[in-house]
Amino acid sequence: MHLPCSVFSHKQLDLFLWLLSANSVPDVPSVKSMQTLNKHLQKLCGIESIRYDGALGHVYYVNSLADIIAQEMANPNVRPHLHFFPEDAGEHVSEAQHASQWLHELPDDQLTAMVRVGRRDFYIHEPTRLKNGLYCMPVRFFMKDRSLRETRGPHGRAWSVHKVNDFEVPVSDFMMPLPQLQKDIRILDIPDPADILSEPWTLTNLVKGNRWCELAEGHRVIAFPIWMYYDDTLGNKSKKWNKHNSFLFTPAGLPRSEAQKEYNMHFLSTLNLAPPLEMLDGIADQLEAAEKEGIWAWDCVENEPVLVLPVSEFACHIGLRGKLFCWICKVVGKDASDTPWGAAPGDVDEGEEVEDDASMNSNVSGASNKGKRKKFVKSLEQMVRRVTAFIKTRVKKMRTDTGVKDTFQLYFQDLLAASYKKKRGNESRQAALDAAIEALSEHVTSPVWCIKGDEILHVVLLGFVKYFWRDLIQNQLKKDDQKDALGLSPLPGDTFVKYAGSLVGRNFCAIAQVAPYVIYNLVNDECRATWVALSKLIPLVWQPQIGDISTYTKTLKNEIQTFLLAAAQWTNRWFNKPKFHILVHLPAHIRCFGPAMLFATEAFESFNVVIRAKSIHSNRQAPSRDIAHGFAQGNRIRHLLSGGLFQLLQTRIPGSAPNLPVPTCAETFSKCRKDWVLVGGGSQEFMNTPGPVMEKAGQPVFAKSTLTAQHVPDALGLNVPSVQRPFSSCCFKQATLVRLLNGNDCRCDDFVIVRRIPGFSTFVGCIREVLTSVGALCDTPDFILIEECEVSEQVELAKTYGMPAVRPSGVCNLVQLESILCTVNVQHNCASEKCTATGEVEVLEEHEKTTKTCARVLHNDLEANLMLNTA
């Protein structure tokens, strides 16, 4: 009932309970008793849904961010994967902690503020004595070579603070933290650490130390960065009307392989009435409270309490139709003023500092972002001043000129403008305006500014691929060629053409992979060259790991330039689309945030179906509350079935049996291990039950009749005496499908990438046979026969498709299931073989053959002329 992807209504629950009763299952609970138990469990170990009265008058609910983070720290399926420190991995970039944003550009106070060495805790911005007798002021802790270090430290007996760049010290060299220095001042013959003779020290109180040291009470403090996401979701089956604004997040410290799982997507809030900025106000309040006091959680790995500091960055954008749609290089409309940031002359107050071009044109974030944020806030303050001066028209013009548009603040500006609209005389108008100002809420600017901090799905798949595909169907192909020239299976081929304007991201992903092969003789050379360039660019963008970031970004820039040049040679009208400009900044974004797959939104977009299911199975009278409660219950079930710890106090009710403690919910966080429990092992065994890895088909065959016996007879013992033959007399079944460890399903004659054992080299191979013994207890294959393939570059293929050739070598070997890494796509070289749609296939209707036929491509010399599809 409460699993996120298995939503049932109360009527369906009634049906299940009736079926249990009809089959004489004893002790079937009623719906009411289940609901009562559910409420009790939710209070005991669930997520709280907090009610908010929005600044614009709407009521909405937000699931507790603190409760979700606390559950993540106590979840054994999540906590071991989390990273809390940035990592200097050199040129290697594969996760968010390797990128420059987390490693270099986040403010020091938003990173993990302490490190434990032995039994001593060292905090940033506190004097520390090193083993060599020097003193330093740690500023930032990060991982390097699997060890912690700190950078930029001052030293000197006079306690004069000097910032030294690239001064790195292993934490193993740390000797004395601030509290011990304060105790041993006389022994060490040093000045009081609180006496700093240089400029006033405001980062910490050098008497009490770092504020997190006092809040943590001797426990560890960690930073918990998160990716936050907003999108609109349609809340009914027809996917029309009833649009819900939803907020989600996932821990940024998770590896990419874990962060993209639906298991790690967390719901915060949704509503179909309130605008997103009003809802974000409640989330920002939770973030501010957590940043001020921290979140207490139980660390299931270290088995101790920790104080967690959540860190989130939220990017807002006016949209690609805005005049200033790119704040990286300050691209503006042709009617923008020459004054800084497009502001009209006179809109900049005297004495107000304006950032120059050099400080705003290159960095994605960091110091320049602080200048941008300050400038945004100043512009918003100017708008409020102009409203109070009865210049509403000027405010509208200023929003257009500066590109700063705060729809949240716009509501309050309209209230101020309406307050004096019907008044006459300056005094009465001023009095009405003063009264309206007094009635304003405390926060009248967007909550985005309260949150400290190029997305490839919508730029690439839903951008270029969508543009080119629609143009191909509507403009490039003739009507007679549109339906059957694609060479795809019947349903996708017809669908991709007929509904070219209604496809989704996964459809465009498939199109990008096959388009160069199916349009080679249907379009002109410029169009085909652009498609080929795009197909080469896409896999480069979707790289999960980057071994050398400098080489990668250089290659990526070259491929982007090649793609843009090909598009320009085709037609320069494509450059009316702003996404072509945004693509230029993608290499800088990857350096800043890590591989583009980390900040792609496919995983969040796919979560829309879960939110929609929650909306459909509610009565729609209180959607924000009901959906929030549904996801809070799902979080609880997820946590309990994962073996997560939760706090449970054992109390005794007066008059009850002395040995029957009653579980009760704790009002305050407990730092005692005995108060943290988990559910029984039965639920974990249920969750860890493996699924099938293969499907068997056909009649059993003897070993000597298999392909494996022909190519590798020694494996079946056919070349040894009959007494020693382990498999020679066995019967086998051939599997039609095998599920690899990465989740890919592959069949015979599919091509895969295999790792050689021993060693780490890989090769491309073709699965020829999969055998499993008849009557085997385990559901894994006994033999997988792979034919090795040769991959080579050919001039003709490079010119037409830009893909390498693949040729089977005839050499077959047996491999283990663990050695097969993934499946790969192989296509036929139709251009050189002159393949045409001269074949016919019978059309099935109602799963029955008909006399109708449709054309299909007949491949000439199929096995000898193949290409590895690198698109």
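Note that the numbering runs from 1 along the sequence shown for the chain.
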Student: Check the pair D231, Y229 against side chain to side chain donor-acceptor pair (under 3.5 Å), reporting the backbone distance first and the verdict last.
Tutor: CA-CA 7 Å; D231 194 15; Y229 172 80; 3.0 Å; yes
Student: Should the heavy atoms of other residues, nucleotides or ligands under 6.0 Å from NZ of K671 be counted, would the total exceed 12?
Tutor: yes
Student: Before you tell me yes or no, could you show the steps for S642 and Y263 under side chain to side chain donor-acceptor pair (under 3.5 Å), namely the whole-Å CA-CA distance, both residues' side-chain angles and the distance that decides it to 0.1 Å?
Tutor: CA-CA 11 Å; S642 300; Y263 178 86; 2.5 Å; yes
Student: Quick one: side chain to side chain donor-acceptor pair (under 3.5 Å) partners of H92, sequence neighbours excluded?
Tutor: S94
Student: Nearest 0.5 Å, please: how far is CD in Q182 from CE in M176?
Tutor: 13.0 Å
Student: I'd like to check the salt bridge (charged side-chain N to carboxylate O under 4.0 Å, His left out) partners of D299; sequence neighbours left out, ordered by chain and number.
Tutor: R79, R220
Student: Within a strict 4.5 Å, meaning less than it, do heavy atoms of the R673 and L645 side chains meet?
Tutor: yes
Student: Got a donor-acceptor contact below 3.5 angstrom from the H83 side chain to the G253 backbone?
Tutor: yes
Student: Does N635 reach the side chain of F267, with side-chain heavy atoms less than 4.5 Å apart?
Tutor: no
Student: Is the centre of the F247 ring less than 6.0 Å from the centre of the Y230 ring?
Tutor: yes
Student: Which heavy-atom pair separates P177 from D121 by the least distance, and what is that distance?
Tutor: CB-O, 3.4 Å
Student: Checking E105 against C592 for the side-chain contact (heavy atoms from CB on, under 4.5 Å) test, could you report, in this order, the C-alpha distance in whole Å, the side-chain angles of both residues, the deciding distance, and whether it holds?
Tutor: CA-CA 9 Å; E105 298 173 7; C592 186; 3.8 Å; yes
Student: Measure across W102 and Q97 and return the closest heavy-atom pair with its distance rounded to 0.1 Å.
Tutor: CE3-CA, 3.2 Å
Student: At their closest point, which heavy atom of V541 faces which heavy atom of A596, and how far apart are they?
Tutor: O-CB, 3.6 Å
Student: If you measure from the Lys or Arg side-chain nitrogens to the Asp or Glu carboxylate oxygens, is any gap between D108 and R140 under 4.0 Å?
Tutor: yes
Student: Determine whether F224 and L309 make a side-chain contact, defined as any pair of heavy atoms from C-beta on separated by less than 4.5 Å.
Tutor: no
Student: Can a salt bridge be assigned to the pair K208 and E126 using a cut-off of 4.0 Å between side-chain N and carboxylate O?
Tutor: no
Student: What is the ring orientation for W676 with W298, classed by angle as parallel under 30°, tilted 30 to 60°, or perpendicular over 60°?
Tutor: parallel
Student: Does the pair K261/E258 count as a salt bridge with the N-to-O cut at 4.0 Å?
Tutor: yes
Student: Identify, with sequence neighbours excluded, every residue that meets side chain to side chain donor-acceptor pair (under 3.5 Å) alongside R591.
Tutor: S550
Student: So that I can tick it off, tell me whether E72 and R638 are bridged by a salt bridge, with the cut-off set at under 4.0 angstrom between side-chain N and carboxylate O.
Tutor: yes
